[in-house]
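Read the structure below first, then the notes.
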Amino acid sequence: MKEIYIIGASGFSGEITQYINDNNEYKILGYFDINKDEYLKYDFDAPYLGNEDEFNFKSDDNIIIAISNAMIREKIYQKLKNKNLHLNFPNFIHKNTFISKNSNIDEGAILCPFVTITSNIKIGKFFQANIYCYIAHDCIIGNNVTFAPSVKCNGNVIIEDGVYIGTGVIIHQGKLNKPLKIGKGVTVAAGSVVTKDILSGKTVFGNPAIELTKENIKRRG
């Protein structure tokens with residue numbers, strides 16, 4: 001059994017721990033977080049190891065970053081890379097997922113139970129897909145993208161780096177010659193239905209999804 005460290009000791013890490021134990025692929029050596037309060041909630045078997053910045057990792061150690069915030073994931077990854085160690089960030093893929101053979105997923109992904117990755121999909125580093133998500137054909141997903149539970153991403157969609165897609169979001173299908181595009185750093189609120197492109201940095205909500213502003217909240221109220 002391979003050994004692994006987990007960075008993050010909050011609720012998502014608690015979920016991931018159960019999935020790791022169910023797969024019976026890794027032995028968890030310990031958890032890192034900025035404080036011990038979250039760790040103590042979840043009755044983890046492996047020890048709390050403090051802040052990863054102060055830990056002496058060895059070459060070829062395996063690490064999962066179980067943190068949903070994309071900016072924090074990227075910051076942790078870059079700091080660990082700067083240590084100039086040969087650290088591994090394996091993809092954790094629960095046994096009850098489906099990934100097509102002609103799709104490609106970069107390092108550090110977390111795919112929870114009942115996630116489906118269909119045909120001809122390219123996914124960047126540190127993608128997270130919670131339970132019951134799917135991505136349909138011919139999609140391109142950037143780095144540090146997060147899908148909360150039950151996200152439905154239809155075909156011909158481009159999602160750029162650092163995007164957060166909330167629970168139950170439906171992303172309409174794009175066209176072969178004009179994919180639907182969600183720009184860098186976008187947040188899509190839970191339950192939204194995305195029907196058209198979203199510019200970088202925007203937060204959107206509703207059906208159909210529109211920018212989150214005071215005026216739009218009043219319109220939808």
d(I159 CD1, K184 NZ) to nearest 0.5 Å is 15.5 Å

Separation between CD (E25) and CD1 (I20), nearest 0.5 Å, reads 9.0 Å

dist I171:CD1 -> I158:CD1 (nearest 0.5 Å) comes out at 12.5 Å

Check your understanding: When the ring centroid of F32 is compared with that of Y39, is the distance short of 6.0 Å?
Key -> no

Establish, from distance only, whether the side-chain atoms of R73 and S68 form a donor-acceptor pair under 3.5 Å.
no

Margin query: Can a donor-acceptor pair be found, under 3.5 Å and without considering hydrogens, that links the side chain of S192 to the backbone of A189?
Written below: yes

Assess the side chains of S119 and N102: does a donor N or O sit below 3.5 Å from an acceptor N or O?
yes

All heavy atoms of L29 vs all of P47, minimum pair found to be O-CD, 3.3 Å

task: Would you tell me whether D60 and H86 have side-chain atoms, one donor and one acceptor, within less than 3.5 Å of each other?
output: yes

*Following the transitive rule for hydrophobic clusters with a side-chain heavy-atom cut-off under 4.5 Å over Ile, Leu, Val, Met, Phe, Trp and Tyr, establish whether Y132 and Y19 coincide in one cluster.*
yes

Tested for side-chain contact (heavy atoms from CB on, under 4.5 Å) against I165, the lone hit among V188, N130, T187, I170 is V188

Here the gap from Y5 atom OH to I65 atom CD1, rounded to the nearest 0.5 Å, amounts to 15.0 Å

- Donor-acceptor pair, side chain of K122 and main chain of G142, under 3.5 angstrom: no

